[in-house]
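Everything quoted here is computed from the prediction, not taken from an experiment. All chains are named by letter (A, B, ...) in the order of the sequence lines, taking the proteins before the strands, and each is independently numbered beginning at 1.
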Amino acid sequence: MIPTRSVAYALRIDRDLSANTLQSILRLFQQKGTAITRRSAGLPAIVVGLIASDASGELYSRAISDLTQLSAIEPVMKHDEAIDLPQVHALNTIRAIFITSRLASQSEKTIVEAMRLAAKCLTSKIWAIRNCGLMLFRSLIDRLLGSNESSDDFFENAIGNATRLSYDKHPGLLELILYLLRSSEAIIGTGDDLPDKQTIFTAEAVFLVLDLLRRAPPPASSRDAIFHLVVRAFGNTSWHVRAIAAHTAAAITQPSHVSLQIKSLSSNTTRDRNELHGRLMCLRHMSKAVLRASSTKHIAETSQSCATDVAPATVPFNHASASSHASVKTVLNLFRDEHELLKQCFLHVSDDIIMAEYLEILCLVGAQLLQYQAARGLGSGSPLTDLVQRFAEVSRVLLSRRQLGQGRRGSVLLRMKLLRLAWLAHLLSPALTDPTWTKLLANTDDSAVVNTLEQLQPVLYALPLNVSWNFLVSLLASLNAGRSRVEACFYRTTLDVVAQVQPSKLRDCENLVSMLSGLDVPGSIQASLAPVELQSSLGLWGHVLASRYLQEHRWTAELLNEVQIWLRLSVESLQDDNVSDALRSDKTHN
Amino acid sequence: MTHSVLTRLTTDRKQEYPLRIAAVSSLHGLLLARDSIKHLPEELRVKYCLAVYDCLLDDDEDVRSIGAQVAVKIVKGLDIVTESDDVVPDVAARMLSSHMNSAYPDSAILAFGCCKRLLGQHFDHHLLSPKNLLHKALQADTTLFGEEKQNLYLDEIKEAQLWSRLLKSMSKDSSLRHIADVLRSWAIDGIECLTTKAEVEEDGALGWATNPEVLTLGMRVLCTIDVLLGWSAAQKIDLDHSALVERLQRFANAGKQADVPGLWMQTIEQILTSSRSES
């Protein structure tokens with residue numbers, strides 16, 4: 001039996017030893033900072049071990065206060081370059097403390113304080129310190145929210161979703177966020193005379209804060225204030241910051257306010273292209289959320305009404321579908337001719353990025369309408385008809401604009417969107433859109449070679465949907481004849497067409513490709529992003545078939561043919577084993 | 001024949017997640033129209049079911065879970081899947097396969113689909129012979145970096161067993177005779193080369209048959225023989241029953257000597273017992 005006193009004595013010696021070791025490590029940071037290699041050479045791990053061995057928590061608070069002091073020392077600059085940086089090691093050690101699970105309960109209380117420290121480091125003139133601050137900040141955010149959430153899963157984190165972070169548990173956190181947002185805005189506000197470095201740093205800091213807000217929406221009481229600050233970041237010169245701001249603004253909007261916010265965001269005028277781009281991105285996220293919410297409700301409700309054996313066409317819109325109808329209408333209203341947003345976008349009609357974003361929202365609506373149509377099997381005279389008509393009208397106007405797709409920036413993006421739009425418009429309302437295409441074609445046919453391909457593109461997208469195959473082949477042949485040399489852009493356009501024809505005229509595609517000699521299909525198609533578009537087309541194709549079936553309530557021969565091709569494509573898409581590929585290649589060798 | 005554009009687009013690369021998700025949601029999409037499946041011609045319906053079955057064994061959980069919903073809808077004829085109907089993909093796969101078994105016993109498409117899954121290769125006139133497969137599997141791999149195998153979720157032996165059971169209960173109309181000819185020559189080749197191998201080389205704990213591909217190949221061969229004997233016992237096809245049993249017996253003897261995997265021996269025993277009781 002060991003006397004209690006001697007145990008206490010042994011413990012004290014032990015603690016003293018730990019404290020002494022800690023002190024000597026801190027001294028090492030200060031005196032031999034340069035000798036310590038990358039990531040502080042494992043010293044943080046020793047510090048963590050020492051602190052964790054002390055059950056009383058005394059060592060923890062001492063270490064934190066010493067390290068904080070150390071990291072707050074103003075660095076000594078020699079010849080515009082800092083030589084010795086104990087701050088970096090101190091910050092690394094603090095970071096190590098906060099990511100250690102054994103110290104979790106102790107460090108929990110000081111998270112906000114550490115964030116403040118990190119935020120302060122973000123304004124440092126020295127890159128190494130800024131970098132450490134950034135890493136610390138990132139780790140603390142992960143600590144608050146958990147790190148297994150990937151940074152892109154906006155879809156999982158639907159509007160207004162609760163996260164595990166409670167702002168009440170961390171007093172001062174919200175104030176810190178507000179402070180950071182405001183101060184970053186102040187820095188941005190001072191204009192272009194800042195050095196580049198500073199601007200980049202600001203982007204990093206804002207990005208982190210916005211990301212935190214996106215993943216953990218603030219309490220309702222301060223949402224409005226934060227929303228306004230976030231919206232101001234739409235004008236940021238960095239695309240990434242704009243994108244995350246748009247995400248965040250959509251994520252922190254309460255579901256009941258979404259319609260209202262869509263209206264207010266779309267009606268204010270702005271001359272700044274960046275801001276318009278940010279707004280459009282935000283509108284896209286909001287629209288997506290609105291449409292997603294309405295679609296689940298709607299489809300479930302429709303299926304139920306189908307189950308009670310009422311003929312689909314006679315089911316009136318009841319409450320659930322009326323509200324989803326209204327929400328689609330809100331989004332679709334963005335595309336009215338007299339709408340402010342439309343006017344603004346068309347001011348920048350040559351800016352492909354803005355137009356692509358605009359078209360993306362339009363495509364979202366189109367896909368939604370298509371799902372409704374498929375679910376309900378409605379013909380003319382349904383409440384959806386006016387929505388469909390408006391959609392078709394806007395698409396028609398957009399697709400017949402020759403300026404679209406001429407710009408350099410982001411034009412691949414825009415072309416893909418146009419392609420999808422043409423497809424959706426045709427599927428939704430062939431009667432409304434088809435005559436337009438034919439007219440456009442009639443014009444392009446005479447002067448096909450004279451027109452640049454960019455000008456022809458929107459029309460080409462619409463082509464295979466409604467003209468006879470022979471016409472298409474002759475048109476492409478005439479285009480081909482006009483080219484004395486191989487032009488990449490020509491092939492790309494043709495391949496876009498091929499990719500689009502894919503769903504309906506698969507066999508003919510083969511002929512087309514064989515017609516265009518010297519064409520490396522797989523490489524070019526991959527380069528032209530066609531597979532991406534193929535995915536979105538394929539995803540909807542099943543719905544489309546269902547919708548067509550419902551229009552006649554029987555499978556016509558033509559439709560069955562399409563089902564064949566569709567099934568083949570689906571099956572091929574699901575194959576993912578190397579084995580069958582290997583076997584196939586073996587067979588060809590034989 | 002040149003590959004079609006489609007094949008080039010979809011098979012020249014490993015199928016990425018978005019494409020497969022798109023495919024399965026597309027399959028789901030068709031069910032939005034009530035009765036759309038019911039009124040399809042049988043051939044397409046079977047193809048559709050087989051495609052859905054592929055989804056249930058996909059590497060990605062998302063694809064599998066959407067596939068499970070589709071499968072439940074098909075089997076139970078439902079419009080929406082409520083929580084009480086929701087099943088895990090594994091169960092859905094079992095439900096779907098027995099549904100296919102009972103609904104389309106005389107579909108030639110289904111029979112071909114079964115053969116493809118039983119043999120693990122496209123079922124046409126250019127079947128890779130078991131000898132080639134065995135040789136390839138036993139070649140020492142000298143590559144410096146192994147390539148990651150796709151679809152680790154798929155249990156090939158379990159699939160072979162499942163589809164052989166399904167194939168066994170196909171009715172006589174489903175062009176069995178043609179299939180049986182191909183299967184018989186393949187299976188005889190297989191059992192011959194396995195027997196030779198077993199006679200020449202001892203197996204044991206780390207022997208040649210512990211190679212996963214060889215193990216699978218052996219099971220494929222045995223399951224195929226099982227199917228053929230089953231058909232012949234039910235008088236669906238003409239087959240020299242006793243000759244095949246004899247070959248199997250020879251392999252069993254050689255296998256016992258060479259100490260081949262227990263799974264093989266057990267399967268052989270089952271086949272022999274059932275063939276004895278039937279004859």
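- Within the 4.5 angstrom heavy-atom criterion, atoms from both the backbone and the side chain of B/Leu40 approach chain A.
- Other residues, nucleotides and ligands place more than 12 heavy atoms under 6.0 Å from the CD atom of B/Gln139.
- Annotation for B/Leu44 and A/Leu567: closest pair O-CD1, 3.6 Å, computed over non-hydrogen atoms.
- Residues B/Ala23 and A/Ser570 share a closest heavy-atom pair of CB-O, 3.9 Å.
- With a 4.5 angstrom heavy-atom cutoff, A/Leu560 touches chain B via backbone and side-chain atoms both.
- The distance from the CD atom of B/Glu43 to the CD atom of A/Gln564 is 5.5 Å, given to the nearest 0.5 Å.
- Within the 4.5 Å cutoff, the side chain of A/Trp555 has heavy atoms near those of the B/Ser36 side chain.
- For B/Lys116, the part lying under 4.5 angstrom from a heavy atom of chain A is the side chain only.
- Neither the backbone nor the side chain of B/Val52 comes within less than 4.5 Å of any heavy atom of chain A.
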